[in-house]
Amino acid sequence: MPMNSTKITANTQLSSIGGTFDGILYFNGGTASTVSVFDNNIADTQAPFDYNNDPTIAGPTAGLSAGMLVFGNGIPEGATISSITDALNFELSASTTGGSKSGEVLTFVAVDNPIAKFLLGTSTSDDIRGLGIICRNGIKIVASNFTSIELFALTN
């Protein structure tokens, strides 16, 4: 059976795949990381927010929901939205770092329909095959450290 490989350099949605998702090839030359695979095609959300070494984040919460992954300057790796306080505030699962930020653009990734999660050690390489996943909405792959991990999604 022929295989195609798509390089993933950020949180990537492979909704054009449809059908069967065969597996992941990865090389992690950086620090330990986590790769999560989801069955959805919900677009990432970006908006400006204010925060200061605290889990409280101020900014528009429309379109956000508890459980979404949060990425940005001063946001700890693996942080998620813990709860939505009101239309202009939410609580992060961990305190932000790096001092006061104003108008900092954050990226929010919906993680509905989890399929698989892989924990990757430093300087490791592997071929994870035979997942036999049939996706309805498209595969989304999210890595917690985009700068040092190389991922390829295998499809057929």
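Note: hydrogens, waters and symmetry copies are ignored here, and every other heavy atom, side chains too, is used.
Phe90 meets the ring pair (Phe, Tyr, Trp, His ring centres under 6.0 Å) test with Phe49, Phe108; sequence neighbours excluded. Among residues two or more places apart in sequence or in another chain, the side-chain hydrogen bond (donor to acceptor under 3.5 Å, both in side chains) test is passed with Asp54 by Thr56. In this structure Ala79 satisfies the side-chain contact (heavy atoms from CB on, under 4.5 Å) test together with Ile75, Pro76, Leu92, Ser93, sequence neighbours excluded. For Pro48, there are no side-chain contact (heavy atoms from CB on, under 4.5 Å) partners two or more places apart in sequence or in a different chain. Checked against side-chain hydrogen bond (donor to acceptor under 3.5 Å, both in side chains), Asn52 has no partners two or more places apart in sequence or in another chain. Not counting sequence neighbours, the partners of Thr124 by the side-chain contact (heavy atoms from CB on, under 4.5 Å) test are Tyr26, Asn28, Leu120. A search for side-chain contact (heavy atoms from CB on, under 4.5 Å) contacts involving Ala66 returns nothing, not counting sequence neighbours.
Ser83 and Glu91 are not linked by any side-chain donor-acceptor pair at a separation below 3.5 angstrom, with hydrogens and angles left out of the test.
Scanning all heavy atoms of the two residues, the minimum distance from Thr96 to Asn53 falls at OG1-N, 2.9 Å. When all heavy atoms of Ile115 and Phe38 are compared, the closest pair comes out as CD1-C, 3.8 Å.
Atom CD1 in Ile57 sits 11.5 Å away from atom OG in Ser82 (nearest 0.5 Å). Taking OG1 from Thr107 and CG from Asp44, the interatomic distance works out to 6.5 Å, rounded to the nearest 0.5 Å. Atom OG of Ser95 is separated from atom OH of Tyr51 by 12.5 Å, given to the nearest 0.5 angstrom.
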Exercise. Apply side chain to side chain contact (heavy atoms under 4.5 Å, CB included) to Phe118 and Thr34, showing your working.
Key: CA-CA 6 Å; Phe118 305 101; Thr34 302; over 6 Å; no
Self-check item: Stepwise side chain to side chain contact (heavy atoms under 4.5 Å, CB included) check, Val70 with Thr80
Solution: CA-CA 5 Å; Val70 183; Thr80 60; 5.6 Å; no
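A heavy-atom distance below 4.5 Å is not found between the side chains of Leu106 and Gln46.
Judged purely by atom type and a 3.5 angstrom limit, Lys117 has no side-chain atom pairing as donor or acceptor with the backbone of Pro114.
Within the structure, no pair that satisfies the side-chain hydrogen bond (donor to acceptor under 3.5 Å, both in side chains) test touches residues 58-75, not counting sequence neighbours.
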